[in-house]
Amino acid sequence: MADPEYDRRLVLPDHPVGWIVLSYSGDPAAPPRRPILRVLRGPDDAVQDFVLPGASQGLAHWLGLIPSDAREIRLSAGADFSLERVGARHEAGVLAQCLLRRPWRCLAALYERARGSDRRYRDILRGTCAVTPMVRFPSWAAARSRPAGLPPSALRIGCLLLARPGEAAVLGAARDALAAQTHRPEWVSVAWSGAPPPSEDGPVSHRAWDDAAGFDDLLRDADALCLLRPGDVLEPEALALLAHTLSDADLAYGDAIGPDGRPQLKPDWSPDLALATGYPGFPLLLSKTWLSASPGRPVGPMEEIGLAIAAAATTRAARVAHVPRILARTVGDGLDASARAAALDACRSGWPSLRAEIHDGAVHLKWPLPDPAPLVSIVIPSRDRLDLITRVCRGVLHETAYAAIELIIVDNGSTDPAVLDHYASLRDDPRVRILMDPQPFNFAAMVNAGVGAASGAIVVLLNNDVAVLEPGWLEAMVRQACRPDVGAVGAKLLYGDGTLQHAGVVVGLGGRAGHILRRRPGDTPGHLGRLRVAHEVSAVTAACLAVARDKYLAVGGFDAESFPVDFNDVDFCLRLGAAGWKTVWTPAATLAHLESVSRGPSVGAKRTRFEQEAARFSERWRAVIRHDPFYHPALSVTTFGEDLE
C-alpha cells in the first residue's frame, strides 16, 4: 500500500470523519497540479481517491466527505502545497445549503442516501455546495486570488501596443497598467495601423506599423517582446508571471477577462483551437531566441499578427507555455470568424492544402484528403440486439457518403436467430466481414481482433448503439486521422433526445476520466466556443474513434489485460499522446449514441470490475489526472459542466 507519491498524512483533530473543508495554497508560478487526497478505508485499507481543485489563483478550497471507516488520509501534492486550514461541516448544514441552492438536488441526495448509495449522495451534495457557476467568477476569484510574490527577473521586456486609428483615447489605461507592473518593462512603444498621431511627451514612443518588417525587427534591444492592444489593462504581476513562465518556453500567454466581461480560462497550448479561435489572445510574450530564429518573411498586417504567431508556433513546434491565472482585462484581437478564415490563407505555408471554411459562424479547418481516398475499416463489436446492429449497419453501408469502406463485425456470441439471419444477409455484401468471437466479454480484445483483421489504412471503432445522422461524418474523421501529427479522432455524439453525450474526455473528471458537458443542449458552444470547432483533447471515446492503423499497432492497440471493459479508450489515447500523436475531437462528425444500451448499468460484480479497472487507470495516469492540459485547473472535476471549484 506504500506509495511514494502520497508522502503526506492528513490528521483531522477532533473530527476524524464526516464533512470537512480544506483550504490550501500553492505557488501560482509553479506548473498546475491538482492535489489528490487518498483515504484508506476499513481493515483491508481499501483505497478511495479524491481529486482536489487546483490552486492556480493562489488559494483553493475543497469540501469533502470523509467516510466513517477511514483509517488514514494521505496526500499527493507538490512541494509548493501548503495546508492552511482544516474545518468541519455539520451534515445538516451541508444539506441545508443544498436545499437553499437546489431543492430538488437535496431531495435526490436524500433518496440516494436512503437507498445506500453513499457515492451518489456525496457527489450530489458536493456538486451543489462546492461548485460555483462561471457567472459568479468575480466573487469566486476574489476569495482565492493571492499575490504570486515572484523574485525579481533579469529579463528585459519590451512592450508593443498594437493600435488602430481612433484608439488614442484608450491608451492611457494600458500605459498606466504597464507603469504599475512589479516587473517593469524595458520600453513601451505604440505601433499604429496607419499614420501615428502627434507624439506625446513621456517615455512611450509612437511609430507606424510596417507590414514588411521581420518578426525580430519588433524586438529592438529587449530579451522578450510583449504584444498587447490599447485598452488591455494588465494585472500588476502580469509581466512578472509571463517572464517567469518564459524561462522554459518560446511563447507565453495567460488567462484574461474578455471584452464581454467574462473570464477566459484557457487550456494549455492547443494549436488547432488557436488557429480556429485565436484563444491565446493578448498579452502575448515572445522570446528573443524564438523571434531571432524566425524565417525572414514579413510580419504582415497588424490585425493578423496573433494568427501569424499561432501559425508559426504550430509549424515550428514552438514551446508554448500557459499561465493559468487572470493577467489582464482585454479588448480582444479584433478578428471575427470571417476575417480569421481569410487570414489563414495568408499564413498557412506549412499546410498548402488546408482550407478554412465558415460554418455556423465558426472557423472550420478542412484538412486535405489523400487522393485516392484511403480504405477505412469500420470495426463494430456486437452481440445480439437486432435493432441496434441493423441500424448501425444500415447507417455505415447505405447512409454514409464515404465510399472506400469495409465493415468488420466482431460478434461476441450472439444466439438470437434473427441476428444470425441478418449476418447471413450481410455476407452478400463484399464490403462486410463477420468475425465470431464467443469468448468471455472483453471489449478491448474484441476491438484488437477486429483491427487485426482490418486491411484499411484508417480504422474506425464504432459501437453497435451508434446511429449515423448525416452522410459526411466519416470523411470529416478521415481528414483528421490522415494528419501526420494526429492519433485518435473523436466525434460529437448526441443522446437520443439531442443532448450532448460526448464532446471529448477530460482526464480527472469524476476522479478518473469523464465526458465533459454531458446532457447539455446539443448546440452548446462550450467555454471559449471550443465545441464549435475541432480541437485537441486528452482522449475520446471508442464509441466512435478513428485512427491510422499503423499508429494503432505502433502503441500495441487496446490494453485488453488491464482494461478489458472500461478506460481502454482513454488509456489508448493517452498512450498515443505519449508516443507523440495528439487526439482531436471534431463537431464536423456528429452521430447519435445510446450509451451502453447493449451492456446495461454497472452494478454488483460489474461495479467491482469497474472499480478495479479504475484503480489501475488512476495509478498509470496519475500525472494527467492531476492536470489535463486541455482543461483549466480552476474548473471543477466534480461536475460534468464547465463550473468553478
Side-chain angles (χ1 to χ4, degrees), residues 8-26 34-42 48-75 77 81-146 508-511 633-645:
R8 307 186 190 196
R9 292 185 61 193
L10 178 63
V11 178
L12 305 179
D14 304 323
H15 190 76
V17 297
W19 289 95
I20 65 168
V21 176
L22 303 182
S23 297
Y24 49 92
S25 59
R34 298 175 187 267
I36 300 180
L37 184 145
R38 169 165 288 183
V39 179
L40 305 183
R41 305 179 59 181
Q48 184 171 9
D49 287 347
F50 299 95
V51 183
L52 276 55
S56 62
Q57 307 301 309
L59 186 67
H61 307 289
W62 179 73
L63 171 68
L65 177 60
I66 304 300
S68 58
D69 60 350
R71 297 184 63 251
E72 187 175 332
I73 303 173
R74 299 176 182 173
L75 273 170
F81 177 92
S82 177
L83 183 61
E84 299 195 359
R85 177 179 176 271
V86 179
R89 288 284 306 270
H90 292 294
E91 183 177 39
V94 177
L95 284 167
Q97 184 181 0
C98 181
L99 182 64
L100 288 173
R101 289 188 175 183
R102 299 285 185 86
W104 287 108
R105 285 191 183 180
C106 184
L107 294 176
L110 292 172
Y111 169 77
E112 295 296 345
R113 185 176 69 173
R115 63 193 292 265
S117 179
D118 294 338
R119 177 179 59 87
R120 292 188 177 183
Y121 170 69
R122 176 198 71 223
D123 289 349
I124 290 172
L125 290 180
R126 274 190 36 74
T128 305
C129 300
V131 172
T132 302
M134 188 72 76
V135 294
R136 291 169 52 196
F137 178 82
S139 61
W140 177 91
R144 290 162 174 80
S145 296
R146 284 192 174 175
L509 199 63
L635 296 176
S636 173
V637 294
T638 298
T639 61
F640 291 82
E642 293 171 319
D643 300 311
L644 303 161
E645 185 170 0

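Separation of atoms CD (Glu112) and CZ (Arg120) is listed at 5.5 Å; rounding is to 0.5 Å. For the atom pair Arg105 CZ and Leu99 CG, the distance stands at 13.5 Å (nearest 0.5 Å). Atom CG of Leu22 sits about 8.5 Å away from atom CD1 of Ile73, to the nearest 0.5 Å. Atom OG of residue Ser23 and atom CZ of residue Arg144 lie 8.5 Å apart, to the nearest 0.5 angstrom. The distance from atom OG1 of Thr638 to atom CG of Leu52, rounded to the nearest 0.5 Å, is 9.0 Å. In this structure, CG on Leu107 lies 10.5 Å from CD1 on Ile124, to the nearest 0.5 angstrom.
By the side-chain contact (heavy atoms from CB on, under 4.5 Å) test, Pro138 pairs with no residue at all, sequence neighbours left out. Residues passing the side-chain hydrogen bond (donor to acceptor under 3.5 Å, both in side chains) test with Arg146 are Glu84, sequence neighbours excluded. Under the rule for a side-chain contact (heavy atoms from CB on, under 4.5 Å), the partners of Ala141 that lie at least two apart in sequence or sit in another chain are Phe137, Ser145. Contacts of Phe81 classified as side-chain contact (heavy atoms from CB on, under 4.5 Å), with partners at least two apart in sequence or in another chain: Arg8, Tyr24, Pro35, Leu75, Ala77, Leu83.
Val131 and Ser636 make their closest contact through CG2-OG, 3.5 Å (heavy atoms, listed as atom of the first residue, atom of the second, distance). Across every non-hydrogen atom of Pro633 and Ser56, the tightest pair is CG-CB, 4.0 Å.
Annotation: side chain of Leu644 is in contact with side chain of Met134 (closest heavy-atom distance under 4.5 Å).
For residues 93-103, the side chain to side chain donor-acceptor pair (under 3.5 Å) pairs, not counting sequence neighbours, are Arg89-Gln97.
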Legend entry - CA sep, side-chain torsions, deciding dist, call: His61, Trp140, side-chain contact (heavy atoms from CB on, under 4.5 Å): CA-CA 11 Å; His61 307 289; Trp140 177 91; over 6 Å; no
Legend entry - Worked check of side-chain contact (heavy atoms from CB on, under 4.5 Å) between Leu95 and Leu110: CA-CA 9 Å; Leu95 284 167; Leu110 292 172; 4.0 Å; yes
Legend entry - From CA spacing to verdict: side-chain contact (heavy atoms from CB on, under 4.5 Å), Val51, Asp49: CA-CA 7 Å; Val51 183; Asp49 287 347; 5.9 Å; no
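Between Arg34 and Glu645, none of the side-chain N atoms (NZ, or NE/NH1/NH2) sits under 4.0 Å from a carboxylate O, so this pair counts as no salt bridge.
Classified by interplanar angle (parallel below 30°, tilted 30° to 60°, perpendicular above 60°), the ring pair Trp62/Phe50 is tilted.
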Would you give me the side-chain donor-acceptor pairs under 3.5 Å for residues 63-71, sequence neighbours excluded?
| from | atom 1 | to | atom 2 | distance (Å) |
| --- | --- | --- | --- | --- |
| Asp69 | OD1 | Arg41 | NE | 2.8 |
| Asp69 | OD1 | Arg41 | NH2 | 3.2 |
| Arg71 | NH1 | Asp45 | OD1 | 2.4 |
| Arg71 | NH1 | Asp45 | OD2 | 3.4 |

